[in-house]
Amino acid sequence: MDILIRAFLWFLDATVAASVVLLLVMAVQRLFRRRLSPRLAHVLWLLVLVRLLVPVFPDSPVSVFHLLQTGSESKQASLFDRPAENQLLPQAYGDRRDAAIPETRMNPPLMEGPRSLTDVPARQADEAPEQAGSAYPLGMQVAAVVWLAGAVALMLYVAAFSVRMSRQRRRMKPLTDPEILSIAEACRVRLGIGKPVPVYTGHHANSPYLSGFFRPWIYLPEAMAKELSASQLTHILLHELAHHKRKDIIWNAIGSLALAVHWMNPLVWIGMKRMKADRELACDACVLEALGEAEAVPYGMTIIECLKRFSPAGRQSELLYFFGPDHRVEMKRRIHLIKSFKKGSYKLSFAAVLCVGVLGAATLTNASSPVPASAPQAPGSQFASTEAAEKARLLFDSERRYYRNLEKVVKLSDFKFKVPAALPAGYRFTEGAFAPKEKGGAKLALLNFDKSVEGIHQGEFSLFAQPAEADLQAVVGHFLRKELTEISIVENNKERKELLEKRKQPLNVQGQKVEKVTIKHGTVSDWQRHYFWQDQGIQYKIETTSSTAELQDDEIVKTISSMKYPDKELFARFIGEEQLNEEIYDSEDVKQVPKAVGFVPKLPLQLPGSLPAVKATITAKLDFSYPENKADEKSRVLSIFYKSADKSNPGIKRVKLQQIKNNNMYETFKKNGNVAFSRINGEKDAVKAEVIKIAGKELLKTATYKYDESNHPSNVGMVSYFWKENDVCLKVTFWNDGQGNDDPNRNKILEFLMNEKPVDLATFK
């Protein structure tokens, strides 16, 4: 039943949106009826058909639905106060990042086990009791069943009609009159149709028509074949072949499908009738384009003559009749068009194509999601404009992009969210993150806060924000099922599984409903607390763990109570301390690098041998060489990593370029004849280095070294090269991935990097 309800909700949304497009098309046809060619008037109905049948449309700022605030499937849930359950439930998880060991960035999560956004599973009968009352209303269920029954019945009718027509063709006689066959062949050639179309005759209907979806054929009544003149038969056969050339059988089938799906909408019945009438006008124009203006009056007289002598006894709406609609007004329109036809009017002009393109952009898109009307625009929101974020070119993507300032996270997010203006005593902002679309889920903004006393970590909590795609109870229910499943898997111990507990507790924060969820692992000191709430279309969660034992409910309540849209004051306050590792993601980040490292670096994004840059990070000196003292430890290094995407390539697979202020470093290495590196255990390791020359430039080349002594296959050893340019020391590291130390490709890469110029920040975009 849930699947049927979701389909019914789509139908309601789609039929409302399509009705808007249908009325717009009819209005355009009415306003410009003297300027629209018959073919263009019919082509406009394609916009209606697409809107009726295509389930998903992109958002656009030029969408006509900005004026009406409809046409978006995302509004279904708000219409009926229940989410479509095939949507993704937001499920945000913690992610903390600590100091990196050389070559590796460690990102241990707040809670044990993997964290990701997940899809919503089908609802189970044993779900939490609070969800039991969220069933769809009985009236909606009945309406959905009636809609489906009607749609299936109409589809079966169309299918049965097609089968009946196929059987009727077997009882007809192939037309054998050589004169008429000659006329049919001449008509086919005149219209430029490649393959002959069979012609059948008989007595079962008075009107000629075209039928057959895959193998079209023409029915010509035997009375017409005997009584009409050659010119009249030419007009009739040209008309049916024009239907074939224009693919009107396909148009007819799509229209029938749209009508079956949207049978409950009376506007669709009206629209499909108008579309068929316009189809006949367009077909007449196609015939007259082939015949010429001189044949317009005789062609019209043929229609009138046939109506007098062979008027169809009944209507079979699925067929493409020569007579077309038998309504008097429509017949007058048809005769008027034939009478006033001008050569060349059937062709689509550039202006006509442009008209369809403009209408398509306005009608085949949804309104872009705006900031909720009730949400005040954040002061200083120019910092949070998506347009500004789009100016920065993405260089290195990541599932989550971490920044130590709130402003950057807000700028990247294309949804507005609130942040706490008041933090618990002693807590400060450390970093924020933005996930463009985390592992198939919704977009996510994350803020991390912690408390330290004299350098000793005292606690931490995280705030998650993302667009709400389900109601609060559904989010919490899904979280509990997913979280307990993951913990059980991680524990993998029957006794520990039996100790797992979950507890929900509703809170009221100044009228704001908050769901507190506590998950215990069986001990008093081992727990997780999660606070869920929704505000103006945004799903929020605060997550704490047992490491923040002193953070109580009243402090969380005060934090939630202080939530506001970020402004200049909060941007200035929410700037974290300089971190050990800071990632570079886009061109805007690159322009901040000189402030961190003290010089304008080189930034080649591709090395010889098809080695693209895959990551760039500002790190501490420990990753470059062993620091001489505490002050030297704070020296900042720009590290750029290159990796071959072709695993089968026997050449160099990994390279790292690093740059740091020299401060007499290179001279010390050369004088000592070695370079000191830090091992993974923190110990100092002096590696021998010798002076070499490449392309006439002096470098230092180290012996092969490792960060540890393990025999793991990935621990292949490295060779580093150093040289000095002005007051910058550069280091290039090659991994011994099956290559010898004297691989000539190394020299090509080194020579390329030595000749590379520092990045031009004024033009870098």
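Side-chain contact between Glu460 and Thr430 is absent, with no heavy-atom pair separated by less than 4.5 Å. Between Pro627 and Leu622, some side-chain heavy-atom pair lies under the 4.5 Å cut-off. Residues Lys416 and Tyr565 have side chains in contact (heavy-atom distance under 4.5 Å, counting atoms from C-beta outward). Between Leu570 and Phe429 the shortest side-chain heavy-atom distance does not fall below 4.5 Å.
With ring centers used as reference points, Phe449 lies under 6.0 Å from Phe574.
The main-chain N or O of Phe532 is never found under 3.5 Å from a side-chain atom of Gln539 such that the two would form a donor-acceptor pair. No donor-acceptor pair closer than 3.5 Å links the side chain of Asn663 to the backbone N or O of Met665. Of the possible polar contacts, one joining the Ser398 side chain to the Arg400 backbone as a donor-acceptor pair under 3.5 Å is found. A donor-acceptor pair under 3.5 Å links the side-chain atoms of Thr702 to the main chain of Ser720, judged by distance alone. A distance-only check finds a donor-acceptor pair linking the side chain of Gln659 to the backbone of Lys602 [under 3.5 Å]. At distances below 3.5 Å, at least one donor-acceptor pair connects side-chain atoms of Gln658 with backbone N or O atoms of Asp623.
A salt bridge (Lys or Arg N to Asp or Glu O under 4.0 Å) with Asp586 holds for exactly one of Lys411, Arg401, Lys591, Lys408; it is Lys408.
Annotation: the span from Gln536 atom CD to Phe415 atom CZ amounts to 14.0 Å, rounded to 0.5 Å. For the atom pair Met563 CE and Asp535 CG, the distance stands at 7.5 Å (nearest 0.5 Å). Within the model, atoms CG of Leu406 and CD1 of Ile575 stand 9.0 Å from one another, a figure rounded to the nearest 0.5 Å. For the atom pair CG of Asn405 and CD of Glu431, the computed distance is 11.0 Å after rounding to the nearest 0.5 Å. Rounding to the nearest 0.5 angstrom, the gap separating the CG atom in Asp553 from the CZ atom in Arg529 is 6.0 Å. For the atom pair CD of Gln466 and OG of Ser413, the computed distance is 11.0 Å after rounding to the nearest 0.5 Å.
Using a 30° and 60° split on the angle between ring planes, Tyr540 and Trp533 fall in the parallel class, below 30°. Ring planes of Phe722 and Phe624: perpendicular class, angle over 60° (limits at 30 and 60°).
Remark: Ala676 engages Tyr626, Lys684 in a side-chain contact (heavy atoms from CB on, under 4.5 Å) (not counting sequence neighbours). Qualifying side-chain contact (heavy atoms from CB on, under 4.5 Å) partners for Glu628, counting only residues two or more places apart in sequence or in other chains: Asp632. For Tyr666, there are no ring pair (Phe, Tyr, Trp, His ring centres under 6.0 Å) partners two or more places apart in sequence or in a different chain. Taking the ring pair (Phe, Tyr, Trp, His ring centres under 6.0 Å) definition, one finds that Phe434 meets it with nothing, sequence neighbours left out. By the ring pair (Phe, Tyr, Trp, His ring centres under 6.0 Å) test, Tyr705 pairs with Phe677, sequence neighbours left out. Considering only residues two or more places apart in sequence or on other chains, Arg503 meets the side-chain contact (heavy atoms from CB on, under 4.5 Å) condition with Gln505, Thr518. Not counting sequence neighbours, Tyr531 has no partner by the ring pair (Phe, Tyr, Trp, His ring centres under 6.0 Å) test. Scanning for side-chain hydrogen bond (donor to acceptor under 3.5 Å, both in side chains) contacts around Asp554 gives an empty result, with sequence neighbours left out. Every side-chain hydrogen bond (donor to acceptor under 3.5 Å, both in side chains) that Asn662 has, sequence neighbours left out, goes to Glu667. Contacts of Gln592 classified as side-chain hydrogen bond (donor to acceptor under 3.5 Å, both in side chains), with partners at least two apart in sequence or in another chain: Lys595. A search for side-chain contact (heavy atoms from CB on, under 4.5 Å) contacts involving Lys634 returns nothing, not counting sequence neighbours. Under the side-chain hydrogen bond (donor to acceptor under 3.5 Å, both in side chains) criterion, Arg573 pairs with Glu569, sequence neighbours left out.
Annotation: Asn629, atom CG; neighbour count of heavy atoms from other residues, nucleotides and ligands within 6.0 Å is above 12.
The nearest pair of heavy atoms linking Phe669 to Ser625 is CZ-OG, 3.8 Å. Nearest heavy atom pair, residue Pro436 against residue Asp397, reads CG-OD1, 4.5 Å.
Looking only at atom types and distance, the side chain of Asn448 has a donor-acceptor partner in the side chain of Ser462 under 3.5 Å away. Side-chain atoms of Gln473 and Glu515 include a donor-acceptor pair closer than 3.5 Å.
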